[in-house]
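Read through the structure below, which is laid out as structure tokens, and then see the notes.
None of these values were measured; they are calculated from a predicted model. This chain uses plain numbering: 1 for the first residue, then up along the sequence. Side chains are part of it too, since the values below use all heavy atoms of this structure and drop only hydrogens, waters and symmetry mates.
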Amino acid sequence: MISIKTLAESPGLTSIPHNYIIARNSHDDEQILDSDTTKHSIPIIDFSLLTSSQPDQRSRIVQDLGKACQEWGFFMVTNHVVPEKVIKAMIDGCKSFFDLPEEEKRKFQGGNVLDPIRYGTSFNSSVDKVMFWKDYIKMFVHPEFHSPDKPVEFKETLKEYCKSVRKVTMELLKGVSESLGLESNYIETTMDLNNGKQLLASNLYPPCPQPELAMGFGPHSDHGLLTLLVQNEIGGLQVQHDGNWVDVDPLPNCFLVNTGDHTEILSNGKYKSVVHRAMVNNKATRISIASAFGPSLDTVVSPAKALINNESPQAYIGMTYRNYFKLQQSNNIDGKSALDRVRCSID
């Protein structure tokens, strides 16, 4: 399978192959809200308040966090503890990986979605009916740490970045637990996060000669509990909110965070995993780095018992994270199709 980077750099490329042309809803583009209209509406969580020693400040930001998970499933995290230079080094490191010769990258082409390191194009090129305009590298970095040996400095950069992002995520998950009326360590303990799977996925979206026909990544929700994303200065992320697609214009040095399917399951549907997509452009390469945090593979994820009652009956059946991960990652990506498989039927 030819990489998108190779295809995009083909001399004289003026149109895209037919298998990259996305069928669009005729009203889809009419539903896009530009960032100037919506950027102040996207919730902002000040991380320094979440770790504040002042109970009133922390209580208010936990409420704000819960509201963001319930109304958007998406928010920006500012004033976090990850140095800007660490984020920049990570973005530069991922760019250097994608710049490696194709034969180096192909060493990590694998067919198993649980391979420690996996390089590829589109989403799942063996089953994708229409190809997405992206290349990716995916690495499991916790509980076991995996990294390519090249570029030379990539491994240490990755290790430092992943440890820093994990600290932020664990604090966010404490806040999510509390916002649901659960103990602060409920998610950490019940989801066995000490052995939980942390996946880092970097995506490369090169310039596309016909961006109106292609898509970087189609509408989907994420597996796991939370995904933290950073990107270079090139935009392209859109999230679905109130029936509209919202362009995301990140604040400087922030994390873009979305709730995953397993937060929706655990909260018994109170919090929704957000559907999002990646658009492409014809001018510049976009690089994004997503850190997805999930339970341990053998943890059976089902709604918290404290959140099930007569007014809110159990909405999802239990399934191991391993089986859910394989289900989502082995099939066509299509909105919340994986989550729909574990919804309880209503008589």
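Looking only at distances, a side-chain donor or acceptor of Ser177 sits under 3.5 Å from a matching main-chain atom of Ile187. With hydrogens and angles disregarded, no donor-acceptor distance shorter than 3.5 Å links the side chain of Ser52 to the backbone of Ser48. Side-chain atoms of Asn232 come within 3.5 Å of backbone N or O of Ile287 as a donor-acceptor pair. With Arg58 contributing its side chain and Leu50 its backbone, the two residues share a donor-acceptor pair below 3.5 Å. For Ser267 (side chain) and Thr263 (main-chain N/O), a donor-acceptor pair under 3.5 Å exists by modelled atom type. Checking side-chain atoms of Asn309 against main-chain N and O of Ser312 turns up a donor-acceptor pair under 3.5 Å. With hydrogens and angles ignored, the 3.5 Å screen pairs no side-chain donor or acceptor of Ser10 with any backbone N or O of Leu13. A side-chain donor-acceptor contact under 3.5 Å links Gln314 to the backbone of Tyr316. Proximity of a side-chain donor or acceptor of His142 to a complementary backbone N or O of Glu144 within less than 3.5 Å is not detected. Using a distance-only test at 3.5 Å, with no hydrogens or angles considered, no donor-acceptor pair links the side chain of Thr6 to the main chain of Ile2.
Across all non-hydrogen atoms, the minimal contact from Ser15 to Gln210 is CA-OE1, 3.2 Å. Residues Phe47 and Val81 approach most closely at CE2-CG1, 4.0 Å, considering heavy atoms. The minimum heavy-atom distance linking Ile16 with Cys208 is given by the pair CG2-SG, 3.7 Å. Between Ile289 and Cys94, the shortest heavy-atom distance links the atoms CD1-SG, 3.7 Å. For Pro43 against Ala68, the heavy-atom pair with the smallest separation is CB-CB, 3.6 Å. For the pair Pro207 and Ala8, the tightest heavy-atom approach, listed with the atom from each and the gap, is O-CB, 3.8 Å.
A ring-centre distance under 6.0 Å is found for Tyr20 and Trp133. Taking the centre of each ring, His223 and Phe325 come in below the 6.0 Å mark. You'll find the ring centres of Phe217 and His220 inside the 6.0 Å limit. In this structure, Phe74 has its ring center no closer than 6.0 Å to that of His276.
Side-chain contact check for Glu188 versus Asn194: some heavy-atom pair is nearer than 4.5 Å. Between Val165 and Leu200 the shortest side-chain heavy-atom distance does not fall below 4.5 Å. Between Met191 and Leu225 the shortest side-chain heavy-atom distance falls below 4.5 Å. The shortest distance between side-chain heavy atoms of Leu307 and Lys270 does not fall below 4.5 Å. Side-chain contact between Val280 and Pro211: present, with at least one pair of heavy atoms (C-beta onward) separated by less than 4.5 Å. Between Ile45 and Met76 the shortest side-chain heavy-atom distance does not fall below 4.5 Å. No side-chain heavy atom of Phe97 sits under 4.5 Å from any side-chain heavy atom of Ser202. Between Val275 and Val239 the shortest side-chain heavy-atom distance does not fall below 4.5 Å.
Around the NZ atom of Lys5, the shell of radius 6.0 Å holds more than 12 heavy atoms that belong to other residues, nucleotides or ligands. The number of heavy-atom neighbours closer than 6.0 Å to CG of Asn112, taken from other residues, nucleotides and ligands shown, is above 12. No more than 12 heavy atoms of other residues, nucleotides or ligands lie within 6.0 Å of CD in Glu153, so this atom counts as exposed by the packing criterion.
Checking Asp222 against Asn258 by side-chain atom types alone, a donor-acceptor pair falls below 3.5 Å.
Look at Arg60 and Asp56 and you find no salt bridge, because none of the NZ, NE, NH1 or NH2 atoms lies under 4.0 Å from a carboxylate O. Using a cut-off of 4.0 Å between Lys/Arg side-chain N and Asp/Glu carboxylate O, Lys67 and Asp64 are scored as not salt-bridged. Look at Glu71 and Lys272 and you find no salt bridge, because none of the NZ, NE, NH1 or NH2 atoms lies under 4.0 Å from a carboxylate O. Salt bridge annotation for Lys336-Glu264: present, with a cationic side-chain nitrogen under 4.0 angstrom from a carboxylate oxygen. In summary, Glu104 and Lys107 engage in a salt bridge, as defined by a charged side-chain N under 4.0 Å from a carboxylate O. Salt bridge Glu103/Arg106: absent, no basic N to carboxylate O contact under 4.0 Å.
Between His262 and Tyr324, the angle of the ring planes goes over 60°, which puts this pair in the perpendicular group of the 30/60° scheme.
The cationic atom of Lys95 (NZ for Lys, CZ for Arg) does not lie both less than 6.0 Å from the six-membered ring centre of Phe98 and within 45° of the ring axis.
A distance of 14.0 Å separates CD in Glu171 from NE2 in His80, rounded to the nearest 0.5 Å. Atom CD of residue Gln70 and atom OG of residue Ser179 lie 9.0 Å apart, to the nearest 0.5 angstrom.
One hydrophobic cluster holds both Tyr321 and Leu114 under the rule that ILVMFWY side chains link at heavy-atom gaps under 4.5 Å.
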Side chain to side chain donor-acceptor pair (under 3.5 Å) evaluation trace for Thr121 with Asp135: CA-CA 4 Å; Thr121 190; Asp135 294 333; 2.9 Å; yes
